[in-house]
Number of protein chains: 2
Amino acid sequence: MHNNNYSGLWLDHHRVADLKETFNLKVSGFSTDHRVIASAIRELATGLKEMAGAELTQSDSDKATRTVGIEKDLSIKPEGYAVKGTNEGLEIRALDERGVLYGAFALLRAIACGTDIAEIEESAAPSNPLRMMNHWDNMDGSIERGYSGESFFFGNDDMIIDDRTRAYARFMASIAINGIVINNVNVKGAATYLITDRFFAGVKELSEIFADYGIKLYLSLNFAAPIELGGLEGCDPLDEAVIGWWKNKIKEVYDNLPDFGGFLVKADSEGRPGPFTYGRTQADGANMLADIIKPYGGIIIWRCFVYNCTQDWRDTKTDRARAGYDYFKPQDGDYHENVILQIKNGPMDFQIREPISPLLGGLTRTNQMLEVQIAQEYTGHQIDLCYLIPLFKEVLDFHTYSGAEQDTVADYVSGRTMGNTLGGMAAVINTGNDFNWTGNDLAAANLYGFGRLAYDTTLSAEQIAREWIAQTFALDKEHEDILADMLLRSREVYEKYTCPLGIGWMVYPGTHYGPSIDGYEYSRWGTYHRADHLGLGVDRSDKGTGYARQYYGRNAEMYNDPRTCPEELLLFFHHIPYTWELKTGKTLIQHIYDSHFEGYDEAEEIAGAWDKLKDVIPADAFERVKERFELQLDNAREWRDQVNSYFYRKSGIEDEKGRTIY
Amino acid sequence: MHNNNYSGLWLDHHRVADLKETFNLKVSGFSTDHRVIASAIRELATGLKEMAGAELTQSDSDKATRTVGIEKDLSIKPEGYAVKGTNEGLEIRALDERGVLYGAFALLRAIACGTDIAEIEESAAPSNPLRMMNHWDNMDGSIERGYSGESFFFGNDDMIIDDRTRAYARFMASIAINGIVINNVNVKGAATYLITDRFFAGVKELSEIFADYGIKLYLSLNFAAPIELGGLEGCDPLDEAVIGWWKNKIKEVYDNLPDFGGFLVKADSEGRPGPFTYGRTQADGANMLADIIKPYGGIIIWRCFVYNCTQDWRDTKTDRARAGYDYFKPQDGDYHENVILQIKNGPMDFQIREPISPLLGGLTRTNQMLEVQIAQEYTGHQIDLCYLIPLFKEVLDFHTYSGAEQDTVADYVSGRTMGNTLGGMAAVINTGNDFNWTGNDLAAANLYGFGRLAYDTTLSAEQIAREWIAQTFALDKEHEDILADMLLRSREVYEKYTCPLGIGWMVYPGTHYGPSIDGYEYSRWGTYHRADHLGLGVDRSDKGTGYARQYYGRNAEMYNDPRTCPEELLLFFHHIPYTWELKTGKTLIQHIYDSHFEGYDEAEEIAGAWDKLKDVIPADAFERVKERFELQLDNAREWRDQVNSYFYRKSGIEDEKGRTIY
């Protein structure tokens, strides 16, 4: 499946075996007419053909030497599968159609990764009920925090549906994504009209394409729609006229889009309208919509990104990090059962290092979904290499010490801890209409990896990286090792040359690429490092803002004390003197210098490693990535020199190693 | 002359006398049909009627009790006038039509300022041959560095000509402006086509309106026009094909616009094309155009804003301040006689305090024009009150100590020193299509003041302020004193709460409004303060970049030594420890703290003074300005607190007075 306008990503189907065989398809318990089963069969046929030169035939063929069996199995969990290869052929067992489709992709993945067909054996069930992508695509074609071209869903205030749409749906299904929000959470202008006749036909067409791949379509919703579309004077969630308007509107939505998944809502944040305007709670707003959408089987996903974005930098008591927990914790249990609170991984905003949001597992009677960002807003704009799966793993594996037996974030968002069925993971996606979909070809590892991890949170970052490499580039072991190592080191390297020890925010305001140490220091965004001539960091202990106490006891104690606080988060939780001795024996200031020199040097090493792959990576992809590395090194150099110069000028403390600081 | 869309500025013609008389017009030596004389008569008639209730009649009227005489006088200098009022009437003597028009406005000004008609007596001749306004208006209607709405010349890539155009020309004539460049020096897109059939009709219509008021129309030119319009491969000024193209083009321009003044050119700067691309000098480029335009009486005004705008902040040897002199001084004498070099007042870019450009008077064999900026790019965006005439006076009065008898900047740019006839002053204008033309009503004082000062560089800032107040608001002495004092203090107050001691550039990047102390510190623009924990400032002495030596001996000595350097420029020329003792006995750091606290307090005083004028200023103007003052106080507070906090955090030195620093 090659196309001139876009790459095939990890479904590029390199030839890895030469079977020259014909497989007979045997399906039992499922209808081959079912759109999802049909997709699974089509994928199997294409994949076997392209990767192994084998034919799949649906009519018993005399030529057939083996079979592909698809069988309903009530012992398998929803959306799970068991696949197996034998000398007789391949089999997929599943409870439902999605399970079959995911099983088909699992078989193809195993083949692409070089597993001998007869040795394939894998069974899996999703860790998370909901595995979602959030597009921040605007209807003018721009993408908020997009670094891969324009939207492939929208342009010129209209919808775009073409062969790229279907290709995208395939990619998502291959990583078991089952829900996609197509429009930006900041809903404005034409996007408000996505739930009107103006766009129903297009949204329906898109949802049908998604449905072929077992994906539900969701929309971001404008809480002020009753005003903007309905001509009402307000959008108070307790106002009968507003409720009536939504009842009619949601009925209209489902009349047009019977498979519609539900709404994602950003309310009362960064200038968006919401319940606060009317003195109502977020729960009032969410529950109102949830009650109306419930009869249709829809859900309401409510983002917890509520904070004061007009803070005075002089104010050291207000702490943006506290805001989510302070607001939502007292409402724990107030949200109706088809509401999910979508919670960012950290309490701030997708920095390269943050503590885990204390809301995750802090809420114990509320559906919750983990939100991460694979769009590299603060992590290098898909110019700099930054493989994010290790970061997501840290979040999932974090023990909340809530007292529950299953107390990690993964346990909470999956529903295991609370026994609930609505939860999961969502990613702010990193795609656009660039040829390679993700700006940097290597950033596709984050796209792939998020889906895989959301489906199976026990996978390791390395395993995911190797799967992605094998399917994308089909490298030999030696070269796969090189690329896997590049990916696995990249996040730490990015962290080293950027913001030290969890402090975050030293980015250029607005764009969030490149350094500006004081860029957010005197701003209204609650994003400060508080550096002076003696030290830096934000005191969030109970002597400071008290944020550390939002965690359960054991974690609270750990974070509250600079001697026990994990050092990679030291400056997030504490204001520390430059002369403070770290566990390595280095002073804080020396650590800043060292890590920045090392970070640049290691970025050079990674860029150099890429050159070793010149002969095994397709030339066009090689060159695209090489150009990115050149830009990354410029960026890393600026970060290194600006951070070091800033703290040298401020502290007056010399680098022990006498390197050049400006 | 009232209109709902725009104010009448200083030509609002308050009723100040009650003559109820009729004046007979007597004109000798001029034709009343001449467009400029006709304008002068119209202005006199309107002004006498509106300010004094008097009639002006052109036919001998029996009712007439007095006369207005207009008389040619060969003893008067070009564009000069002598006006006089007696019991018999008013008279204007002049050599030329512009002189008559300026004389008419002088009479009306005197009346508006409350001079008894019988006591009017004034003669004047222009200090500067050229007195120009430079619009940075783009054809899409935006204005580069515009803070007063959109362009009234352009919109939607087309020209706008309406009654506002004529009103604008009147205002300009009333302050003796004789040349206007209507389009942005960064010529792109549609603006390149201003010298083609697409816009000739519109430009001609505009130039005719200007001509009625004695104003020549000029255009900014795209040096790459031979490529963009002519389809040539290059724009090398020594290429015969390029020269031939310009010959045809300039003939075409004058065929369509016989009164056209000439071109303003920004070349090889900030991404604009120019002679450097072809290894040619700026003189090669300017002279090529000048030779072609000379037969038509046109001139070429060449901006000296050439510097390396991709500097590495780590590089402490390259100095943007040096760039103009380094480049243009060796070319002194190379420019043909109808070329003028237009030189910004300082070596950087319109900061609130800079030394005088060493090119002014440093060039001794080259026509030169002083460029100032009344658009408040770095001086408060016409939100903050900043009366700029005192700054311009400092520039004009600056002794270069070149050895010439007449050695001030005013002497050089006027042509007095070198005996040349092409020179003068140009201002980047602060107008837009806001009702009040200048965003802040009080910013009109800069618009008015620039014209008055360019015509008569001996006027004091206070005299100009009082003239403007009298004509605009017609206040009694007590209230005029209040407003004049506000204006006259405003620049120093703005300086106090913003960048200390000449260092400049601590503005928010891009917008240039509000503080960002490090905003330009790690940039590519050559704009650094070099603050560390011990001190700040840029060493431009001969131990540093050597910029101080670009001045003539006495000034060079003065600037080169921190003990003799004027303290308001200390940090421009020297890197100074925070503990350095200033002439006041204060340390540098204490000065920074004190001046910022004072600056805010004084801004509050000025804002408070405005409230005292509530009953004597028209309500709409009062409210507009009051809103600006509220914004100014927010801005001043941010500047105060950010600058103080920045330097406190960096130096660790406490404020002696123990005030709140964050």
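All chains are named by letter (A, B, ...) in the order of the sequence lines, taking the proteins before the strands, and each is independently numbered beginning at 1. Computed from a predicted structure; not experimentally measured.
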A.B. asks: Hey, is the main chain of T318(B) close enough, under 3.5 Å, to the side chain of Q311(B) for a donor-acceptor pair?
C.D. replies: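 Judged by distance alone, yes, a pair lies under 3.5 Å.
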
A.B. asks: When you measure from the side chain of Q351(B) to the backbone of G502(B), do you find a donor-acceptor pair of N or O atoms at a distance under 3.5 Å?
C.D. replies: no

A.B. asks: Would you say D384(A) and Y497(A) are linked by a side-chain donor-acceptor pair, where the criterion is simply a distance under 3.5 Å?
C.D. replies: yes

A.B. asks: Which atoms of E638(A) come close to chain B, meaning under 4.5 Å heavy atom to heavy atom: side chain ones, backbone ones, both, or neither?
C.D. replies: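 Interface part for E638(A): both.
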
A.B. asks: Got a salt bridge between R320(B) and D326(B), using NZ or NE/NH1/NH2 to carboxylate O under 4.0 Å?
C.D. replies: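 Salt bridge: no.
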
A.B. asks: For T511(B), does its backbone N or O pair with a side-chain atom of H381(B) as donor and acceptor, under 3.5 Å?
C.D. replies: yes

A.B. asks: Determine, for F597(A) and R640(A), whether the Lys NZ or Arg CZ falls below 6.0 Å from the six-membered ring centre while staying within 45 degrees of the axis.
C.D. replies: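 No, R640(A) and F597(A) do not form such a contact.
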
A.B. asks: Assess the side chains of Y520(B) and H512(B): does a donor N or O sit below 3.5 Å from an acceptor N or O?
C.D. replies: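 Side chains of Y520(B) and H512(B): pair found under 3.5 Å.
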
A.B. asks: Of the backbone (N, CA, C, O) and the side chain (C-beta and beyond), which part of Y646(A) lies under 4.5 Å from a heavy atom of chain B, both, or neither?
C.D. replies: both

A.B. asks: Anything in residues 525-535 of chain B with a heavy-atom distance to chain A below 4.5 Å? Please list those residues in order.
C.D. replies: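 Contacts with chain A: R530(B), A531(B), D532(B), H533(B).
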
A.B. asks: Checking D518(A) against chain B: side chain, backbone, both or neither under 4.5 Å from a heavy atom?
C.D. replies: side chain

A.B. asks: Determine whether E581(B) and T587(B) satisfy the following criterion, side chain to side chain contact (heavy atoms under 4.5 Å, CB included), listing intermediate values before the conclusion.
C.D. replies: CA-CA 4 Å; E581(B) 191 175 304; T587(B) 60; 5.7 Å; no

A.B. asks: Would the distance check show the side chain of E354(A) and the main-chain N or O of D349(A) forming a donor-acceptor pair, the cut-off being under 3.5 Å?
C.D. replies: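 Side chain of E354(A) to backbone of D349(A): a pair is present.
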
A.B. asks: Would a distance-only check, ignoring hydrogens and angles, find a side-chain to backbone donor-acceptor pair under 3.5 Å from D539(A) to S541(A)?
C.D. replies: yes

A.B. asks: Does H596(B) use its side chain to pair, donor to acceptor, with the backbone of T498(B) at less than 3.5 Å?
C.D. replies: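 Yes; judged by distance alone, with no hydrogens or angles, the pair exists.
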
A.B. asks: Can you list the residues of residues 653-662 of chain B that sit under 4.5 Å from chain A, counting heavy atoms only?
C.D. replies: Y662(B)

